[in-house]
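To start, the structure itself, in structure tokens.
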Amino acid sequence: EQNLAVNAADSVTLTMLDIRPLPQAPMLPFTYIQGSAIALPFPDASFDAVTSTCVLCHVGDGRYDDTLDASGDIQMLREIARVLIPGGHLIAMVGPILPDTEPPTVIYNIHRMYTFGWLREQCAAVGLEIIDTGTYGVREEAIVPVVGGSAEARYYGCITARRPPP
């Protein structure tokens, strides 16, 4: 199994995008590109898969050298749909998840909290289909109460979405 993983990794090209300055000495065999998630510097239909960990809930909030943009998350989803090949997949940890009974919430320019319902709607609007969702628990001291709401963000959400084939 270990050799299989090594062989599989040898046949995969990995590209990492970050808006912040790039590291001087990459530790892994990635191609590092400095750029923005709301204007991906890649051609249409150029990736089989895109992964994202806690970027969607922060993109456009102006905290990580990016420009303040309230619709940064929707623009990021649109860009991901653009660069995925038909049949390509997005696997993303999207940040705090609220029950569908609560409205999605923005906490100043610190964090967005989503519902799976909202994510399904936004993904569909840009041509992505959510095919799976999941949650994992948040440490008790990290639970975020929803201002004016009855719920708390007790889970981080994960989605798997795909750009449907033609």
Side-chain angles (χ1 to χ4, degrees), residues 12-20 31 33-138 143-166:
V12 173
T13 301
L14 301 174
T15 302
M16 178 182 159
L17 176 85
D18 200 316
I19 198 159
R20 297 168 291 191
T31 299
I33 296 176
Q34 188 171 4
S36 172
I38 64 173
L40 294 173
F42 307 109
D44 294 357
S46 56
F47 287 93
D48 297 315
V50 172
T51 64
S52 172
T53 304
C54 257
V55 177
L56 190 67
C57 57
H58 291 294
V59 70
D61 66 11
R63 293 180 57 221
Y64 297 98
D65 295 335
D66 59 335
T67 303
L68 190 60
D69 185 336
S71 65
D73 51 354
I74 296 167
Q75 290 179 57
M76 179 179 162
L77 288 172
R78 186 177 299 117
E79 281 293 281
I80 290 170
R82 181 185 66 77
V83 301
L84 281 174
I85 64 168
H89 287 82
L90 163 65
I91 301 169
M93 200 284 284
V94 297
I97 286 291
L98 297 169
D100 279 333
T101 56
E102 294 288 328
T105 302
V106 177
I107 302 173
Y108 305 108
N109 72 325
I110 297 171
H111 221 295
R112 292 181 187 91
M113 295 190 288
Y114 301 112
T115 64
F116 284 129
W118 185 90
L119 288 164
R120 278 190 188 87
E121 289 173 11
Q122 299 310 312
C123 282
V126 301
L128 295 172
E129 171 190 19
I130 292 183
I131 57 176
D132 195 18
T133 62
T135 58
Y136 65 92
V138 176
I143 293 173
V144 179
V146 178
V147 177
S150 60
E152 296 175 323
R154 291 187 171 271
Y155 300 97
Y156 272 29
C158 300
I159 62 169
T160 302
R162 72 179 181 134
R163 180 177 169 193

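No experiment lies behind these values; they were computed from the predicted model shown.
Separating the CZ atom in R78 from the OG atom in S71 is a distance of 7.5 Å, to the nearest 0.5 Å. Expressed to the nearest 0.5 Å, how far CD1 of I38 lies from CD1 of I74 amounts to 12.0 Å. If you take CZ on R82 and OG on S46, they are separated by 7.0 Å, rounding to the nearest 0.5 Å. Here the CE atom belonging to M93 is positioned 11.5 Å from the OG1 atom belonging to T51, to the nearest 0.5 angstrom. Atoms CZ and CG, on F116 and D100 in that order, are 8.5 Å from each other to the nearest 0.5 Å. Here the straight-line distance linking atom CG of D132 with atom CD1 of I159 works out to 10.0 Å at 0.5 Å rounding.
Within the 4.5 Å cutoff, no side-chain heavy atoms of D61 are placed close to those of V106. The side-chain heavy atoms of F42 and I33, taken from C-beta on, include a pair separated by under 4.5 Å. In this structure, T133 and R120 have side chains that are in contact, with non-hydrogen atoms separated by less than 4.5 Å. The shortest side-chain heavy-atom distance between Y114 and P96 does not fall under the 4.5 Å cut-off.
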*Go through I97 and L119 one step at a time and tell me if the side chain to side chain contact (heavy atoms under 4.5 Å, CB included) criterion holds.*
CA-CA 10 Å; I97 286 291; L119 288 164; 3.9 Å; yes
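Of all heavy-atom pairs spanning G127 and P164, the tightest one is O-CD, 3.3 Å. When all heavy atoms are compared, the tightest approach of C54 to G95 is SG-CA, 4.3 Å. Closest heavy-atom contact between L77 and L128: O-CD1, 4.0 Å. Scanning both residues, L98 and P103, for their nearest heavy atoms gives CD1-O, 3.5 Å. M76 and S52 get closest at one heavy-atom pair: CE-OG, 3.4 Å. Residues L40 and L17 share a closest heavy-atom pair of CD2-CD2, 3.3 Å.
The main-chain N or O of W118 is found under 3.5 Å from a side-chain atom of T115 such that the two form a donor-acceptor pair. In this structure a side-chain-to-backbone donor-acceptor pair under 3.5 Å is present from Q34 to I19. R112 places a side-chain N or O within 3.5 Å of a backbone atom of L56 that can act as its donor or acceptor partner.
Residue pairs satisfying the ring pair (Phe, Tyr, Trp, His ring centres under 6.0 Å) criterion with at least one member in residues 77-112, sequence neighbours excluded, are listed as follows: H58-H111.
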